[in-house]
Number of protein chains: 2
Amino acid sequence: MRSLLLVTAAALLLAAGPPKLLTPSDIVAGAPASAWKTIPADELMVIDLAKGGRVVVQLAPAFAPVHVANIKALARGRYWNGATVYRVQDDYVAQWGLNDSDKPWPAGVTPKPPGEYVRPVKGLKIKPLGSPDPYAPAAGFVDGWPVGYSPKGGWATLAHCYGSVGVGRDLAPDTGTGGELYAVIGHGPRQLDRNIALVGRVIDGIDRFSTLQRGTEALGFYKDKSQYVPIASVRLASDMPIAGRPVFQVMDTASPAFAQYLKLRANRHDAFYEVPAGGVDLCNVVVPVRRQNPLP
Amino acid sequence: MRSLLLVTAAALLLAAGPPKLLTPSDIVAGAPASAWKTIPADELMVIDLAKGGRVVVQLAPAFAPVHVANIKALARGRYWNGATVYRVQDDYVAQWGLNDSDKPWPAGVTPKPPGEYVRPVKGLKIKPLGSPDPYAPAAGFVDGWPVGYSPKGGWATLAHCYGSVGVGRDLAPDTGTGGELYAVIGHGPRQLDRNIALVGRVIDGIDRFSTLQRGTEALGFYKDKSQYVPIASVRLASDMPIAGRPVFQVMDTASPAFAQYLKLRANRHDAFYEVPAGGVDLCNVVVPVRRQNPLP
């Protein structure tokens, strides 16, 4: 990543001139080891598409413990054998699963989980965003996750940003079991916050979903089953052979490095920018992630 | 568009039950003729991809008059013959043009336009968003366009939302001539507001850009020219035969219908939602557009 985000290829060659001011990417590249936390292998869901391509999801058990436990049980019980991506709605979501199968739940699945849309804000260590949020009285970061929260209301909620993964459901009080999941592939649909159980975020390979052809039916469902995009396997990294597991680290949002990154995201001052915004949207502060081992 | 945005196909069949509360889509569907304005044919840029697929851009001459005049001259002068999409960066932009060609500008092009990043707020009729904005002291809508503005600072700026089209440039004071354009295909990069000339927005066919394979080089440039996506033609609708022209209408953002739409975007109360947000992000209030003639 370079700071000259809209520059042409020629300018990439010419850009050696003026003194370089730090960019958010510079902060990420220079962050010390202490600013990174390795994601536990059983909190990585690895989705391999049949036609090639891998999507890796970081799970958020602290926010939706029952739904995440379900997802682990579904992966371990091979529930998603035969699953497909069957819905892709532009600027909204890609959704996958078995789409109305009556396949029985594997062992360990809670069929009707509680509404894990919010958690108590009390006791959470929050790094405040420092900018106003249209969807919550305040916004910030809790242990690597973007959240909206209300000190007065007592709640914190995971925020729907690009890449967020949530549980498809029907009408309330149904909260969804976890068999049908979606990933956000457009502008963060934050109106879904507090209305759906978010269970994680795509940290690698979101373009495998975002480049899929959009479905032409209502809500982006594919018209013909021939359009469905088959999924070869869904596994937890912890269930993969150690040698082939992906390993990722996420930036500690309580670290000084993240504070500096956040500040620069809100105040771009490098050569490309004439006017720093002085503020930033929660979903425009993507919590940095880095891969710790080479691709297999 | 239905309100049950994450429902499964089965629920689509079952959803006849509870009393239906109005959704934003219902407001759009029921808006009277007086709530719609036809977009002038010379403010529609029609991009046809060589492999099929059309992208239609509504131009914003009131915000960037010199850049938009350039774009019209470039289209009429067939500057984009041989143009391609050569850069696609995930969650950011797709960019097209001639990418460092030294092709001469057609007649009527101003090679070094002024910085049309903001316009005076004085005299603008603004429909306020009614929610806080992280990127400007206030946000709202001016004649169909999402804007950030500062009554105290005296400026209004077009906002970078999904589908926004802007002018690629090198380092300031260069503002870009208009030959290289980009469309936003991810979460609105509002940090670019006031730093780049926005010239319009994609109102049809954005998925032709958003589904393109992402480039693997820095900033999403394609590695090999063989990956470039060729553009067959770029025309103004006003230069097309009348019978084949696309005709679009945009909702009048000063209309009562838009006010109701905006209110419901911020307060979803239909059956799917348990908790209305009570606020909304500027970029999550996509100004409604409708096609007025059938596809050719």
Side-chain angles (χ1 to χ4, degrees), chain A residues 1-2 4-12 14-15 18 90-93 95 99-100 131-135 161-162 166 168-172 180 182 186-196 206-207 210-214 218-219 221 265 268 271-275 277 279-281 283-284, chain B residues 1-2 4-12 14-15 18 90-93 95 99-100 131-135 161-162 166 168-172 180 182 186-196 206-207 210-214 218-219 221 265 268 271-275 277 279-281 283-284:
Chain A
M1 290 271 288
R2 298 279 302 278
L4 309 175
L5 291 170
L6 285 153
V7 86
T8 62
L12 281 178
L14 295 169
D90 193 66
D91 192 22
Y92 201 49
V93 298
Q95 187 168 324
N99 193 20
D100 301 321
S131 293
D133 185 69
Y135 292 94
C161 295
Y162 190 87
R169 65 165 170 88
D170 294 336
L171 297 180
E180 313 302 311
Y182 64 88
H187 192 85
R190 299 276 313 276
Q191 71 275 10
L192 297 173
D193 293 1
R194 297 190 285 151
N195 284 285
I196 288 212
I206 182 69
D207 59 306
S210 57
T211 58
L212 293 176
Q213 291 304 303
R214 285 20 178 174
L219 310 180
F221 283 88
R265 287 294 303 171
R268 296 295 295 258
F272 185 79
Y273 288 84
E274 295 209 290
V275 184
V280 67
D281 181 75
C283 289
N284 268 330
Chain B
M1 288 269 290
R2 298 279 303 276
L4 308 175
L5 291 172
L6 286 153
V7 86
T8 62
L12 282 177
L14 295 169
D90 193 67
D91 193 21
Y92 201 48
V93 298
Q95 187 168 325
N99 195 17
D100 301 322
S131 292
D133 185 70
Y135 292 94
C161 296
Y162 190 87
R169 66 165 171 87
D170 294 337
L171 296 180
E180 313 303 312
Y182 64 88
H187 193 85
R190 297 277 313 276
Q191 70 275 11
L192 296 173
D193 293 1
R194 297 190 284 152
N195 284 284
I196 288 212
I206 182 68
D207 59 306
S210 56
T211 57
L212 292 175
Q213 290 305 303
R214 284 23 178 172
L219 309 180
F221 283 88
R265 287 295 302 173
R268 297 293 296 258
F272 185 78
Y273 287 85
E274 295 209 288
V275 183
V280 67
D281 182 73
C283 290
N284 268 331

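Side chains are part of it too, since the values below use all heavy atoms of this structure and drop only hydrogens, waters and symmetry mates. Just so it is clear: chains get the letters A, B, ... in the order the sequence lines come, proteins before strands, and each one is counted from 1.
- The most heavy-atom pairs under 4.5 Å with chain B, out of A/Gly186, A/Cys283, A/Gly166, come from A/Cys283.
- Per-residue heavy-atom pair counts under 4.5 Å with chain A were compared for B/Pro132, B/Gly279, B/Pro134, B/Pro189, and the maximum is reached by B/Pro134.
- Put simply, OH on B/Tyr162 and OH on A/Tyr92 are 14.0 Å apart, with the number rounded to the nearest 0.5 Å.
- The two atoms that bring B/Ser210 and A/Arg214 nearest to each other are OG-NH2, 3.3 Å, heavy atoms only.
- Put simply, CG on A/Leu192 and CZ on B/Arg268 are 8.5 Å apart, with the number rounded to the nearest 0.5 Å.
- The shortest non-hydrogen separation linking A/Thr211 to B/Leu212 is CG2-O, 3.3 Å.
- Residues A/Asp170 and B/Phe272 are not in side-chain contact: their nearest non-hydrogen atoms beyond the backbone lie 4.5 Å or more apart.
- Each of B/Asn284, B/Asp281, B/Val280, B/Val275 was checked for a side-chain contact (heavy atoms from CB on, under 4.5 Å) with A/Gln191, and the lone residue meeting it is B/Asn284.
- Contact count against chain B (heavy-atom pairs under 4.5 Å) is highest for A/Gly188 among A/Gly188, A/Cys161, A/Ala172.
- With rounding to the nearest 0.5 angstrom, the OH atom of B/Tyr273 is 7.5 Å from the CD1 atom of A/Ile196.
- When all heavy atoms of A/Tyr135 and B/Ala277 are compared, the closest pair comes out as CD2-CB, 3.6 Å.
- When heavy atoms are compared at a cutoff of 4.5 Å, B/Ser131 approaches chain A solely by way of its side chain, counted from C-beta outward.
- The side-chain heavy atoms of B/Ile206 and A/Asp91, taken from C-beta on, include no pair separated by under 4.5 Å.
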